[in-house]
Each structure stands twice: as C-alpha cells, then as structure tokens.
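Take a look at the structure below.
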Amino acid sequence: MTLHLREAGKPAAKLRSEALQVLFERGLVNQCTDLTALDDHLAAGPVTVYAGFDATAQSLHVGHLMPLMALRWLQKLGHRPIVVLGGGTTQVGDPSFRNETRPLLEERQIAANMAGIRQSIERLVDMRGPDGALLVDNAEWLTEFKFLEFLRDYGSKFTVNRMLTFDSVRSRIEAQSPLTVLEFCYMMLQAVDFLELARRHDCTVQIGGSDQWGNIINGVELARKGDGLSLHGLTVPLLATASGAKMGKSAAGAVWLHPEHLSPFGFWQFWRNTADADVGRFLRLFTELPINEVDRLSALKGADLNEAKKVLATQVTAVVHGAEQARAALEQGEALFAGGREIADPTHTLPLARLSDGLGLLELLVAIGFAASNGEARRLVAGGGVRLNGRVIEDTHRRIKAGDLAADDRLALAVGKRRKALVSFS
RNA sequence: GGAGGAGUGCCCGAGUGGCUAAAGGGGGCGGACUGUAAAUCCGCUGGCUAUGCCUACGUUGGUUCGAAUCCAACCUCCUCCA
C-alpha cells in the first residue's frame, strides 16, 4: 500500500494548508493517509470532509467530540463538513476492536437513537445556509442494494486476504471470538459510504476515531480501484486520561452530550474534575481558545490550575450546550463549591408534587442521575457519601419532605466531594 | 468425518455438587489526606416494592433435596488425527 502514516502529535514540517496546521497544533491528528497529498489537497481550496456516527445509543458521548471538533475547525477554515448518521451501518454493527458481537438493534430503536444524536450534531456543526454542513443517513443508499449486485460491484474489489490484515478484526480473530460474515462486511459498507459520498457530494476526506482507520482505508482503496479517485483519510487520537485509562465513563455511566442524559452542569463538572496532567491537552483538543491562551492556562501551577479547569469546563460546555448553559453551569459551580448558593439557577428541577408523600432520598439520587440504581444509592448513603443541605445522611430510609427545603424551595444535595446538585421543586 | 480441550461478573482471572452473588487483580465509586488534582491508606462494587425475592457462570434441556460445578444436545473457538 502506498499510504503513509503519521504518528500522533508529531509536528509536521512545513505544512502548506492551514487546516492541517491547526489540526496538528490542536492534537487532533493521530494518523493520516499520504500527508503531503492531503496537505496539498487541503491547501488547494475548500474540500468536503465527512465523519460518520452509528446510532448505537440515544446520545453521543465525549469520545465522539474529537472528530466533531476536527470538523468544526475545518468548517471554520472554509471546508464543508458532512455528518453521516449510520442508519444503515448500525443495522450491521461495527466489529472494529470489539471482541464480542454487538447486540443487533431494531430499526425503531435506531431511529430513536438517530434523533437524539442529531440534536447534538446540530449544535456542533453549522448546518445553516447553502454552504452549511450536510447531514445524511447512509441507509439512503445502503438499503437500496441488491445482494448479488452488491457482491458483483463491490465484493470483487475487496480481497479477504487484505481484509484479514486489519488490526481491527485481527484482534477479534486472535481472541478466538467468533466474527460473523455480517460484521466482517461492515468495513465494506463504510468503504461504500465513502465512495458514495465522493460521487454524490465530491467528498474527498474522511475523519474518524483511531479505531476507524481500517474502515477509512478500505474506502480510500475502493475509490481508487473502482473510480480511480484519490481520497484521503485522517484519524483523531483515542480519548484517554494521562493515567492511560479510556475516558468517557463516569459514576452513573458515560459522559453523554445529550442534556437529557447528562445535565449541562454534570457535563461541566466532568471537565472541572480533569486531572492536572490532562488540562493542557484537553484545552487544546476540546476548546477553541487561541493557542497562546491555552499555553498560558496550561502553565499555571498547583492550585492555580483550578482556574484553567474552570475555563476548560466552561468552554467545552459552551461548545456542546451553548454559551447560556455554560455560563449557568459556571455559576452553579461557583455557588455550590464556594458558598453563595442563592444566586445560582437550580441544577435540577422536579415537580413539587413528588414531595407530597415524602420523596425517598434514594429515589432522589437516582432521579438526578447521581446513582444508577436504588442499590447504588443505598450504598452511597450507607457509606456516608451523601449530604443533604450540608449534613451527612446515613439513613437509607430518609424521606424528603417540604420541610427540608430552604426558603427558595430548593435543597442542596451532594455525593462525595465532586458531585453536587441544587434541586428545585416547583 | 473422528479424538481431546475451552467459553465465568464492566475487564482480566480463580473456582469442578451445598459454606458461591461466585477468590484475586484492574477499573469505577465512597471515606481519610488535598487544590472539586495526583499519589497513598481504608471501605463499597448485580437488581428489586428487601430480615425476603429475582437474575447471573456460552445456549437449551436433564440428573439431584441442592448445579458455575454432573449428564445430553446445540453454538463458538483451539489442538491433534482423517
């Protein structure tokens, strides 16, 4: 193969395109196809770039933010993004780097998931105007194929020999875990997506997570063999903490982008709790602050770094939930952690009616997402980790009554030292 | 086609009839210490309308008072033979 890989973060010498300069500077490049060719391509004028997302859950999570940030930068620099929702591919399930088959989703569930994902995407890339980003569903073409037709037209362009060489499936095979033909063909479908987008929309670049490398390359190779097209691919790094752990999971589940799955304040808190060692890198990856400002903030030492974390949290929240929500979250953070709780908006609102018979403390913890189940809530309470209006409550049968509310109809609830909520009843 | 081995909780990995919601480690969460950081020490870590009930050791049945553990069939993987 004639593709050249670039290792993550290596400052590439004399790049011509502003696009690649920015992506490298931001730490958004893990590897790409022929660097010089991609650079020339991006420098030559506006291009169309795509990233795809399968509808495996009702919301995207922080891991998806990286390719989306890359799309945002490219859009700012005059290129046109296409976001592909995998209405078709989700029916197959990407096996890349998974050692088990994904449970197959029903079409209704996929449609619901796509609707949730779409809301986040619309905030992250600008779809307005004739030059705005495009949102397309790959079911549009994937469901149209007839089997024999597909095998003849595209199957002939792939060899099993080559397909087996990809790390994404080799690991599965070496793990001696069954890989069905259905899943194995996923890479063909994504390759066809790329080709289809190239034909329909003159899309020439695909961006994806590092686990998507194999799928992307398949598209590049298919387009070259089939249509003689020269396409390009680029992957963003895997989101990991400085301690090496995969990131995105927190107390009560993943760090979701959709506000119904994680409140904007909860999202803000996630970033506020970033480890010192990650602050600089996250500022570059997930905010759009100028690089010199990023450098200034990252240079802060010791407790002063907390200021940088607030900036990080507020900036990322603004990108995902909007400036209003970000400002509110910052205020809530200041109020809950530094005193003055009267000024801030509540982080959660529940109907007053729920208090009429007394609301179980455990139930409340689950309702605001501080515990995934009653059992988990019970353990938190029993372990002395839960405070109501500043006082530790260890009684798991405790019920909240109207009398627990402060004058403003709210109560302060905290789990541990990092998770706090201001719950309003109205 | 034949013979043998393997499949455990979020992950890795012990366990070969009751004492097993299943050792140990990782991860995660809580407590102490801090700066809402890291490191360290301690605790918790399936669900529920909860002194009990339900679900769980590849799948489905069976033996037994009782099964992750025994038997049968099936699925997937590995090794050897043809």
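Residue numbers start from 1 in every chain, and the chains themselves are labelled A, B, ... in the order their sequence lines are given, proteins ahead of strands. Below, all heavy atoms of this structure are taken into account, side chains as well, without hydrogens, waters or symmetry copies.
When Watson-Crick and G-U wobble pairs are counted only if both distances are under 3.5 Å, B:G43 pairs with B:C29.
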For nucleotides 46-48 of chain B, list the nitrogen or oxygen atoms of the protein found under 3.5 Å from its nitrogen or oxygen atoms, one pair per line.
residue	atom	partner	partner atom	Å
B:G47	OP1	A:S373	OG	2.7
B:G47	OP2	A:R379	NH1	3.2
B:C48	OP1	A:N374	N	3.0
B:C48	OP2	A:G375	N	2.9

What nitrogen or oxygen pairs link the protein and nucleotides 33-36 of chain B at under 3.5 Å?
residue	atom	partner	partner atom	Å
B:U34	O4	A:K417	NZ	2.7
B:G35	O6	A:D276	OD2	3.4
B:G35	N1	A:D276	OD1	3.4
B:G35	N1	A:D276	OD2	2.6
B:G35	N1	A:G302	O	3.3
B:G35	N2	A:D276	OD1	2.6
B:G35	N2	A:D276	OD2	3.4
B:G35	N2	A:N306	OD1	3.4
B:G35	N2	A:K309	NZ	3.1
B:U36	O2'	A:N273	OD1	2.6
B:U36	O2	A:Q269	OE1	3.1
B:U36	O2	A:N273	OD1	2.8

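Using a 4.0 Å heavy-atom cutoff across all strands shown, A:V279 reaches no nucleic acid atom at all.
Listed by chain and residue number, A:R200 satisfy the salt bridge (charged side-chain N to carboxylate O under 4.0 Å, His left out) test with A:E140 (two or more places apart in sequence, or in another chain).
Atom CG of A:L365 is separated from atom P of B:C29 by 16 Å (rounded to the nearest Å). Rounded to whole angstrom, the span from the CD atom of A:E394 across to the C1' atom of B:G43 amounts to 13 Å. Between A:F370 atom CZ and B:G28 atom P there is a gap of 19 Å when expressed in whole angstrom units.
Side-chain N/O atoms of A:E376 and A:S373 include no donor and acceptor closer than 3.5 Å.
Taking atom P on both B:C29 and B:C77, the two are 37 Å apart, rounded to the nearest angstrom.
Applying the 6.0 Å contact sphere to CD of A:E288 captures more than 12 heavy atoms from other residues, nucleotides or ligands.
Between A:W271 and A:F286, a ring centre-to-centre spacing shorter than 6.0 Å is recorded.
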